[in-house]
Amino acid sequence: MNNGESRSSKPRSSLLTKIFISHTGDQGLVVKKLVNELRRAGQHVFVDLDMLPDDDVEQQITNGLESAEVFVLVISGPIPEWTADEIEVARAYGRTRSLLIIPVLIGEGRVPPQLKYNKAVKAGDREPSAYIADILAIIEGDKERKERFAARKVEVERDLAVFVNEAVVRQHEHEAKNRRAAQLWHAAGIAFLLLVLVFAGASSYTALATASSVATYTSVLIIGLLDLVIIGVLTALARYAYSLGKSYMSEALKSADRIHAIQFGKFFLSVYGEKLSPTEVKEAFQHWNIDRTSTFASLDSKEIDPQIYALVSQLMGALSNKKAA
């Protein structure tokens with residue numbers, strides 16, 4: 001059978017997949033046949049059987065493992081120490097860059113415990129040409145899975161970027177709106193205080209003018225009480241305006257803090273995105289809205305109440321005592 005016929009009878013697999021062949025050392029002929037089948041299928045295969053006596057074996061194996069996309073482990077008996085070392089290196093690469101590990105069981109070979117979750121090919125006593133299609137199918141399936149994952153990752157990153165940008169824009173809008181409101185309420189507080197000063201001055205002038213006239217005690221008392229009520233109300237309005245201004249400014253500062261947290265999470269994701277799990281991505285952004293308590297909820301009416309009734313009562317009591325004396 002020529003090469004074209006051999007390839008057409010096997011599942012399609014992308015050319016030049018870099019495969020590292022590890023084996024237990026007692027099935028050299030089987031390993032050579034398997035290598036030939038893989039190469040006929042268009043795969044790039046590294047196996048120690050190709051090395052020359054003068055080659056740096058350790059360095060060649062290290063280079064082969066570092067560049068491999070697939071680690072095929074041919075198991076036909078007990079696993080020697082050097083093969084166990086290669087397995088551990090492959091598992092480490094599997095965690096860091098998704099190196100595919102395929103155990104191939106020859107004869108009575110068994111999957112080692114550390115690879116029990118990897119999909120294995122049970123070759124038995126068959127020739128490699130009989131199970132090469134199974135190996136290629138696993139490789140192709142893994143490539144399709146990685147392609148789907150990569151495509152999904154692009155979609156998630158795009159959606160996340162849109163979400164982050166929208167969140168930042170909303171927080172900027174909230175910050176600007178709350179700052180404007182804080183400035184307006186602070187200005188209103190200043191205006192009310194100025195009115196208090198103006199009205200207090202006008203009241204003082206009126207009191208002096210009234211004292212030189214023939215106004216009765218009752219009329220003076222009524223005018224004084226009205227002035228006190230008006231000044232108290234204006235003072236309460238000033239305190240209310242300052243309280244609202246403080247609350248709006250606090251909300252604006254919260255928005256600024258949230259923008260900082262979101263931007264930090266965005267930077268963290270851009271730097272470590274490929275290495276992050278969904279839990280770590282969530283942790284990177286979870287603090288952006290950690291303080292949901294509104295400052296307006298902490299406003300206390302006692303801080304705004306001018307206590308006019310109490311002041312009037314005290315004034316009436318003082319005047320009564322003075323009159324009695």
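Positions are given from 1 along the sequence. Computed from heavy atoms alone, side chains included, the values below leave out hydrogens, waters and symmetry copies.
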Novice: Side-chain donor-acceptor pair under 3.5 Å between Thr17 and Glu69, yes or no?
Specialist: no
Novice: Does one hydrophobic cluster hold both Val74 and Val121, with members joined at side-chain heavy-atom distances below 4.5 Å?
Specialist: yes
Novice: Answer yes or no: is there a side-chain heavy-atom contact under 4.5 Å between Val57 and Asp48?
Specialist: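 Counting from C-beta outward, Val57 and Asp48 never come under 4.5 Å.
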Novice: Check whether any side-chain heavy atom of Leu49 lies under 4.5 Å from a side-chain heavy atom of Val35, and answer yes or no.
Specialist: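 They are not in contact (no side-chain heavy atoms under 4.5 Å apart), so the answer is no.
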Novice: Can you tell if the side chain of Ile61 reaches within under 4.5 Å of the side chain of Glu86, non-hydrogen atoms only?
Specialist: yes
Novice: Salt bridge between Glu175 and Lys177, side-chain N to carboxylate O under 4.0 Å?
Specialist: no
Novice: Distance from Ser22 atom OG to Leu65 atom CG, nearest 0.5 Å?
Specialist: 8.0 Å
Novice: Checking Asn63 side chain against Gln60 main chain: does a donor-acceptor pair fall under 3.5 Å?
Specialist: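 No, the answer is negative, given that no donor and acceptor are paired below the 3.5 Å cut-off.
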Novice: For residues Leu73 and Ile87, determine if any side-chain heavy atom of one lies less than 4.5 Å from a side-chain heavy atom of the other.
Specialist: yes
Novice: Run the numbers on Arg39 and Asp50 for salt bridge (Lys or Arg N to Asp or Glu O under 4.0 Å), then give the verdict.
Specialist: CA-CA 13 Å; Arg39 285 173 176 165; Asp50 291 339; 2.5 Å; yes
Novice: Say whether, by atom type as modelled, one donor and one acceptor occur between the side chain of Lys146 and the main chain of Ser98 under 3.5 angstrom.
Specialist: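 Yes, Lys146 side chain to Ser98 backbone: donor-acceptor pair under 3.5 Å.
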Novice: Hey, is the main chain of Glu58 close enough, under 3.5 Å, to the side chain of Thr62 for a donor-acceptor pair?
Specialist: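 Here the side-chain-to-backbone pair exists.
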Novice: Given 3.5 Å as the limit, does a donor-acceptor pair link the side chain of Asn36 with the main chain of Lys32, or not?
Specialist: yes
Novice: For side chain to side chain contact (heavy atoms under 4.5 Å, CB included), just list the numbers for Ile19 and Ile135, CA-CA rounded to whole Å, side-chain angles, deciding distance to a tenth of an Å, and then say yes or no.
Specialist: CA-CA 11 Å; Ile19 302 174; Ile135 297 176; 5.8 Å; no
Novice: Looking at residues at least two apart in the chain, or sitting in another chain, which of them share a side chain to side chain donor-acceptor pair (under 3.5 Å) with Gln114?
Specialist: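 Result, side chain to side chain donor-acceptor pair (under 3.5 Å) vs Gln114: none returned.
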Novice: CG/Leu99 to OH/Tyr93 distance, rounded to the nearest 0.5 angstrom?
Specialist: 9.0 Å
Novice: Under a 3.5 Å distance rule, please check whether Arg97 uses its side chain to pair with a backbone N or O of Glu66 as donor and acceptor.
Specialist: yes
Novice: So do the side chains of Ile75 and Pro112 get within less than 4.5 Å of each other, counting heavy atoms only?
Specialist: yes
Novice: Work out which heavy atom in Val111 is nearest to a heavy atom in Ala120; give both atom names and the distance.
Specialist: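 Shortest heavy-atom separation between Val111 and Ala120 comes out as CG2-CB, 3.9 Å.
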Novice: Check whether any side-chain heavy atom of Leu115 sits under 4.5 Å from a side-chain heavy atom of Asn118, and report yes or no.
Specialist: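 Yes, at least one pair of side-chain atoms sits under 4.5 Å.
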Novice: Work out which heavy atom in Met51 is nearest to a heavy atom in Phe46; give both atom names and the distance.
Specialist: SD-CZ, 4.4 Å
Novice: Go through it in stages, so that I can follow the logic: the residues are His172 and Ser255, the test is side chain to side chain contact (heavy atoms under 4.5 Å, CB included), and I'd like the CA-CA distance, side-chain angles, deciding distance and then a yes or no.
Specialist: CA-CA 7 Å; His172 275 302; Ser255 294; over 6 Å; no
Novice: Using the side chain to side chain contact (heavy atoms under 4.5 Å, CB included) rule, take Val31 and Val47 through it: C-alpha gap first, then chi angles, then the decisive distance, then the call.
Specialist: CA-CA 9 Å; Val31 172; Val47 63; 3.9 Å; yes
Novice: Taking Thr83 for the side chain and Ile79 for the main chain, is one N or O donor matched with an acceptor at less than 3.5 Å?
Specialist: no
Novice: Compare every heavy atom of Ala41 with every heavy atom of Leu136, then report the nearest pair and how far apart it is.
Specialist: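 Minimum heavy-atom contact is CD1-CB, 3.7 Å.
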Novice: Does Asp85 come within less than 4.0 Å of Arg91, counting only side-chain N to carboxylate O?
Specialist: no
Novice: Any heavy-atom pair between the side chains of Tyr131 and Ile106 that's under 4.5 Å?
Specialist: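 Of all side-chain heavy-atom pairs linking Tyr131 with Ile106, at least one is under 4.5 Å.
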Novice: Between Lys254 and Glu251 (salt bridge meaning N to carboxylate O under 4.0 Å), is one present in this structure?
Specialist: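 Yes, charged N to carboxylate O under 4.0 Å.
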Novice: Would you find a donor on one side and an acceptor on the other, under 3.5 Å apart, between the side chain of Asp142 and the backbone of Ile138?
Specialist: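 No, because the side chain of Asp142 does not come within donor-acceptor range (under 3.5 Å) of the backbone of Ile138.
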Novice: Grab the two heavy atoms, one from Ile132 and one from Leu38, that are nearest each other, plus how far apart they are.
Specialist: CD1-CD2, 3.2 Å
Novice: Under 4.0 Å between a side-chain nitrogen and a carboxylate oxygen: does that hold for Arg40 and Glu37?
Specialist: yes
Novice: Sequence neighbours left out, what pairs pass ring-ring contact (aromatic ring centres under 6.0 Å, His included) with at least one residue falling in residues 55-90?
Specialist: Phe20-Phe71
Novice: Please assess Val70 against Ile102 for the test side chain to side chain contact (heavy atoms under 4.5 Å, CB included), listing each intermediate value before the final yes or no.
Specialist: CA-CA 8 Å; Val70 179; Ile102 306 175; 3.9 Å; yes
Novice: Can you establish whether the number of heavy atoms outside Asp125 located under 6.0 Å from its atom CG is more than 12?
Specialist: no
Novice: Between atom CD of Glu173 and atom CD of Gln171, what is the distance when rounded to the nearest 0.5 Å?
Specialist: 9.5 Å
Novice: Taking the side chain as every heavy atom from C-beta outward, state whether Arg179 and Leu253 have any atom pair closer than 4.5 Å.
Specialist: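 With C-beta onward as the side chain, the pair touches.
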